[in-house]
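Lettering follows sequence order; numbering is per chain, from 1.
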Amino acid sequence: MCGRFSLKASEVKKIAERFAAKPGQGFSCELKPRYNIAPSQQVLVVKSDGTNRELVQMKWGLIPHWAKAPAIGNRLINARAETLNDKPAYRDPFNLRRCLVPCDTFYEWKALGSGRQPVAFSLADDALFALAALWDAWINPETRERVESVVLITTAPNELVSTVHNRMPVILQPNDEELWLTGAPSAAANLLKPYPGEMKAKEVSQRLNSAAYDGPDLLLPPTSDLPLFGNTSPRP
DNA sequence: CCAGACGTTGTT
DNA sequence: GTCTGG
DNA sequence: CCAGACGTTGTT
DNA sequence: GTCTGG
């Protein structure tokens, strides 16, 4: 699964260049570095019309175009690669609206005897990478407001991630990003595999657990945590 | 036919 | 237990 | 993902 | 919207 990630890169120009995308309306030059991006929040997305790529923001948690209420998006934060075509919520987005989500670290929680320990995963060279994702647009029937939203695709873990969890997000290799965006669905489906490249992992602070918290000290080892944080110490 | 779901994960 | 909100 | 809340009434 | 279950 992938329920949190980070995007520490803050220069829109650099992110846009990396993904050959034109920033959409409403972007400033500098973004706040994000260490703890959680479901329901706005995330950066690269989408393509077949020719041009655009960098936009969308809400994490897919709201299908047919949804009566947006609350369904709270649950559609990950889509299993194995069953994309069987799920009404994902079939159209997979065929028509694939996208990239720029990311530099994703987090998985390791089950412990008591509690869960968050672990940060990044590429060996700390490079920015693309998560495979789908998007949809929903019109709020009351306000007529258009809401674009996104879901991240998960697959089996590679060797490193399997030490922590039984799922991981699909990371696309740079050479596959264009195929994911504009290729035939059957070809795009072939890209939904565990990431084969070099990655690294490290345990991080349980301050990550609170979606309201977003600072660089999240990346410190868990031993730096104050007893107040986390749920590993039983109450007397 | 209509009604109801539409999703993933880990489990105190 | 199950849902919503971040 | 985790944290935190967890209700009722009558109405189209 | 589209599929499954009754």
- prompt: Side chain of A:K87: nearest nucleotide among C:dG6, D:dC1, B:dG7?
  reply: B:dG7
message: Does B:dT9 have its OP1 or OP2 closer than 4.0 Å to a side-chain nitrogen or oxygen of A:R167?
response: yes
message: Tell me whether the rings of A:F106 and A:F121 are parallel (<30°), tilted (30 to 60°) or perpendicular (>60°).
response: parallel
Residue-phosphate contact under 4.0 Å: A:R207 side-chain N/O, D:dC2 OP1/OP2: no
query: D:dT12 C1' sits how many Å from A:E142 CD, rounded?
result: 14 Å
- request: May I ask you to say whether A:D92 pairs ionically with A:R97, meaning some side-chain N is under 4.0 Å from a carboxylate O?
  value: no
message: Centroid distance below 5.5 Å plus an interplanar angle below 30 degrees: do A:Y107 and D:dC1 meet both conditions?
response: no
message: Within the 4.0 Å heavy-atom criterion, would you say A:Y90 contacts the bases, only the backbone, or no part of the nucleic acid?
response: sugar-phosphate
- request: Write down the distance separating the C1' atoms in D:dT11 and C:dG1, rounded off to the nearest Å.
  value: 30 Å
- prompt: At under 4.0 Å between heavy atoms, what does A:D86 touch on the DNA or RNA strands: base, sugar-phosphate, or nothing?
  reply: nothing
query: Between A:Y213 (OH) and D:dA3 (P), how many Å, whole number?
result: 15 Å
task: Please check the phosphate of B:dG7 (OP1 and OP2 only) for any side-chain N or O of A:T83 closer than 4.0 Å.
output: no
message: Within the 4.0 Å heavy-atom criterion, would you say A:L208 contacts the bases, only the backbone, or no part of the nucleic acid?
response: nothing
- prompt: Given atom CG of A:N95 and atom P of E:dT2, what is their separation to the nearest angstrom?
  reply: 12 Å
- request: Report the base-pairing partner of B:dT8 (Watson-Crick or G-U wobble, both distances below 3.5 angstrom), or none.
  value: none
